[in-house]
Amino acid sequence: MRIVTWNINSVRKRLPLLLQVMQDLRPDIVCLQEIKGETHVFPSEALQNAGYSHQFVRGMKAYNGVAILSRVPLSGQTATNWVGRDDARHIAALLPGGIELHNFYVPAGGDIPDRTQNEKFAHKLDFMAEMAVWAPRGKDKPRLLVGDLNVAPLPEDVWSHKQLLDVVSHTPVEVEALSRIQEAGGWTDALRQRFPIPERLYSWWSYRAADWAASNRGRRLDHIWLSAPLAGTLRDAGIYKKARGWAEASDHAPVWVDLAL
DNA sequence: ATGGTTGCATGGCAA
């Protein structure tokens with residue numbers, strides 16, 4: 001089974017690119033973040049025609065929003081509010097065989113890495129603290145956690161560890177918060193399993209670079225984690241960097257895994 | 001140190 005996660009940065013704007021990703025990677029399941037629209041404007045029919053007839057969409061106006069698109073049946077759909085906000089940052093569903101799939105869009109956290117000066121950074125840290133409390137529940141079940149976690153945890157997950165130590169997404173306090181979630185849930189980082197340190201891995205490149213590929217100032221913000229019972233099913237994984245180079249691309253590249261389920 | 005781009009919605013916020 002192939003599972004893709006992608007921060008698409010508006011599903012309406014990038015529907016043709018999503019269909020291209022589906023054609024190129026032939027995933028069984030696609031998890032999207034930042035669909036940026038209410039549920040009723042989601043392009044359900046076009047994606048159903050592409051073979052993804054099982055859909056779970058949680059949108060909102062203008063911001064955030066997550067979706068799971070699947071060729072195989074979904075059940076037990078849930079949508080959780082974190083830090084008491086109804087801001088469409090998480091959904092989950094059961095795959096055949098009772099595997100839990102969690103799709104997250106963790107808050108980006110604003111620009112200033114200080115919770116006293118920046119409410120958005122406080123929200124991000126609080127969100128991750130709640131995830132760490134949630135994570136141990138069912139850690140012995142087969143589960144996947146995918147999505148834009150907005151943290152690049154390892155020095156090899158950013159273009160310059162030194163220059164990003166004080167930049168939101170790679171600060172020690174965020175790395176520590178993400179690590180707590182990972183340890184609490186017993187999660188295996190699928191991409192790092194496939195591409196161990198010191199390989200550099202990025203899934204996001206800023207729109208603001210004059211030439212994103214030449215400067216290659218990337219960060220690995222998008223992740224696929226496997227619970228212990230699933231860790232042994234990992235067969236392959238990758239980042240579809242090609243999609244970052246397409247016309248009118250998302251600033252994130254799709255990340256994928258193949259599991260022997 | 002600064003400013004650089006994009007999407008939504010149509011001003012300014014969020015990323």
Side-chain angles (χ1 to χ4, degrees), chain A residues 5-21 31-43 46 57-67 81-83 85-90 103-115 117-128 146-153 157-160 162-171 173-175 177-178 202-223 239 241 243-255:
Chain A
T5 178
W6 190 22
N7 180 322
I8 193 169
N9 187 18
S10 172
V11 70
R12 285 175 289 170
K13 174 92 182 178
R14 266 173 268 288
L15 176 60
L17 302 191
L18 176 55
L19 294 170
Q20 189 68 52
V21 166
C31 296
L32 299 174
Q33 304 86 37
E34 282 208 271
I35 62 173
K36 285 190 169 177
E38 290 176 289
T39 302
H40 68 85
V41 299
F42 190 84
V57 180
R58 183 183 184 190
M60 61 178 275
K61 191 183 178 76
Y63 301 112
N64 311 331
V66 287
N81 291 339
W82 300 80
V83 202
R85 299 195 195 192
D86 186 7
D87 57 357
R89 294 182 179 275
H90 168 266
N103 180 11
F104 277 96
Y105 176 49
V106 172
D111 290 330
I112 303 166
D114 180 333
R115 69 151 61 240
Q117 294 180 53
N118 173 9
E119 182 277 329
K120 291 201 280 287
F121 194 71
H123 178 223
K124 180 178 196 173
L125 295 180
D126 292 345
F127 191 106
M128 287 197 281
V146 314
D148 178 1
L149 305 185
N150 265 314
V151 179
D157 291 332
V158 293
W159 66 276
S160 168
K162 193 175 171 184
Q163 288 183 253
L164 288 173
L165 272 172
D166 207 27
V167 173
V168 172
S169 73
H170 192 61
T171 63
V173 64
E174 292 168 86
V175 170
L178 193 72
Y202 312 141
S203 66
W204 174 88
W205 293 262
S206 172
Y207 282 128
R208 298 179 191 180
D211 185 333
W212 71 275
S215 58
N216 197 27
R217 294 185 168 190
R219 307 177 201 171
R220 188 170 69 108
L221 304 179
D222 304 277
H223 300 272
I239 299 175
K241 186 175 173 180
R244 180 63 182 82
W246 290 340
E248 300 193 291
S250 169
D251 45 356
H252 295 254
V255 178

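Everything numeric in this text was worked out from a predicted model, so none of it was measured. Per chain, numbering begins at 1; letters A, B, ... match sequence-line order.
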Review point. When the distance from CG of Leu149(A) to C1' of dA15(B) is rounded to whole Å, what number comes out?
Key: 16 Å
Point to revise | Trp82(A) six-ring face occupied by Arg89(A) cation (under 6.0 Å, within 45°) | key: no
**Study point:** Base-contact (B) and sugar-phosphate-only (S) positions in nucleotides 1-12 of chain B, heavy-atom cut-off under 4.0 Å, - elsewhere
**Key:** ---BBSSSS---
Review point. Say you pick atom P in dT5(B) and the same atom in dA9(B); how far apart are they, in whole Å?
Key: 22 Å
Exercise for review: List in chain and number order the residues that pass salt bridge (Lys or Arg N to Asp or Glu O under 4.0 Å) with Lys61(A), two or more places apart in sequence or in another chain; answer none if no residue qualifies.
Suggested key: none
Point to revise | Asn118(A) (side chain) donor-acceptor with Ile112(A) (main chain) under 3.5 angstrom | key: yes
Check your understanding: If you measure from the C1' atom in dA1(B) to the same atom in dT6(B), how many Å do you get, rounded?
Key -> 23 Å
Review point. Taking atom P of dA14(B) as reference, at what distance in whole Å does atom CZ of Arg89(A) sit?
Key: 11 Å
**Study point:** Spacing of the P atoms in dG4(B) and dC8(B) (rounded, Å)
**Key:** 22 Å
Check your understanding: What integer distance in Å separates Glu34(A):CD from dA14(B):P?
Key -> 13 Å
Review point. Between Phe104(A) and His90(A), how do the two ring planes meet: parallel, tilted or perpendicular, split at 30° and 60°?
Key: tilted
Review point. Between the side chain of Asn216(A) and the main-chain N/O of Gly218(A), is any donor-acceptor distance below 3.5 Å?
Key: no
Review point. Among side-chain atoms of Gln33(A) and Thr5(A), is any donor-acceptor pair under 3.5 angstrom?
Key: yes
Review point. When we call it a touch if two heavy atoms are under 4.0 Å apart, what does Arg219(A) touch: a base, just sugar-phosphate, or nothing?
Key: nothing
Check your understanding: Given the P atoms of dG7(B) and dG3(B), what is the spacing between them in whole Å?
Key -> 22 Å
